[in-house]
Amino acid sequence: MATELTPAISVRVPAPPAKGTKLALGAAVVAVLAATAFLVVLHVDRRWGPIDPVSAMLSDYAWCPGWWMWAAAMLLTSAGSVVVLAVLRRRAILRGPLALVAMTAWCAGLAAVALFTKDPQGNAVTLVGKVHLGATGVSCVSLPLAGWLLGRAQRNSPQWRGFARSSRILSYAAVPFFLPFLIPFAANVLFGRHLPTVATGLVERVMAVLELGELLVLAAWAWRAAD
């Protein structure tokens, strides 16, 4: 029988270990940097990527001798993004269903871009090509959207204000670069018309750099939250 001298028993739920979380995040960042290295090789070594980076799309590397580097870059980035998503969600930074859907769509879209190859003629005439185009459109929009939602939700937090500002700035910066792809894509789907675009390869590469920066900001945010 318990008496007034019996010490109170408190049950303390252990917090997620920071060391394991940081090891996972470190592996995620290494994966993203390895993906970046593969893309750099494709751009500077014409033996692996003999295409014009100004006019050719990034997905055209799937038809080059270095196709495996292109596929590996997308899958590594997707895997690293999954880890970042999981940590941000677990630490209650990634809140709300829309932000979760956007970040999940980014991860899934990158994997689909790698697994479903673009049609070589540039127009989606096969089911695989159509899935690739759809996944490309989703991945273009989803990470900037997720970054903006996270930044907006945490903009007044004294602890996360800096990360929130950086995330929103990169999201806004990406908008002018993915619109040239979404507008022609929507016109093709809705009206069956192909609108002309200029220097699409260069525009896409600038957008890719901005989204890589966004992902690294989110990874740094997750790292700080793991402390």
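On a predicted model such as this, the values are computed, not experimentally measured, just so you know.
Under the 4.5 Å side-chain heavy-atom criterion for grouping Ile, Leu, Val, Met, Phe, Trp and Tyr, Phe177 is connected to Val175 within one hydrophobic cluster. Leu25 and Leu212 fall within a single hydrophobic cluster, where Ile, Leu, Val, Met, Phe, Trp and Tyr are joined by side-chain heavy atoms under 4.5 Å apart, directly or via other members.
When all heavy atoms are compared, the tightest approach of Trp148 to Ser171 is N-OG, 3.1 Å. Between Arg46 and Pro53, the shortest heavy-atom distance links the atoms NH2-CD, 3.7 Å. Nearest approach of Ala146 to Ala99, heavy atoms of both residues: CB-O, 4.3 Å. When all heavy atoms are compared, the tightest approach of Thr117 to Ala62 is CG2-CB, 3.7 Å.
Using a cut-off of 4.0 Å between Lys/Arg side-chain N and Asp/Glu carboxylate O, Asp227 and Lys22 are scored as salt-bridged.
Here the OG1-CG distance, from Thr126 to Asp119, works out to 3.5 Å after rounding to the nearest 0.5 Å. Interatomic distance, CG of Leu100 versus CZ of Arg95, reported as 14.0 Å (0.5 Å rounding). Distance check, rounded to the nearest 0.5 Å: CH2 of Trp221 to OG of Ser167 gives 5.5 Å.
Side-chain N/O atoms of Ser59 and His132 include a donor and acceptor closer than 3.5 Å. Between the side chains of Ser81 and Trp106, at least one donor-acceptor pair of N or O atoms lies under 3.5 Å.
Although no hydrogens or angles enter the test, the distance criterion places a donor-acceptor pair under 3.5 Å between the side chain of Asp60 and the main chain of Met57. Glu214 places no side-chain N or O within donor-acceptor distance of the main-chain N or O of Leu143, the cut-off being under 3.5 Å. Proximity of a side-chain donor or acceptor of Ser78 to a complementary backbone N or O of Cys107 within less than 3.5 Å is detected. For Ser55 (side chain) and Gly201 (main-chain N/O), no donor-acceptor pair under 3.5 Å exists by modelled atom type.
Listed by first and then second residue, the side-chain hydrogen bond (donor to acceptor under 3.5 Å, both in side chains) pairs involving residues 150-166 amount to none (not counting sequence neighbours).
If you look at Tyr61 and His43, their ring centroids are closer than 6.0 Å.
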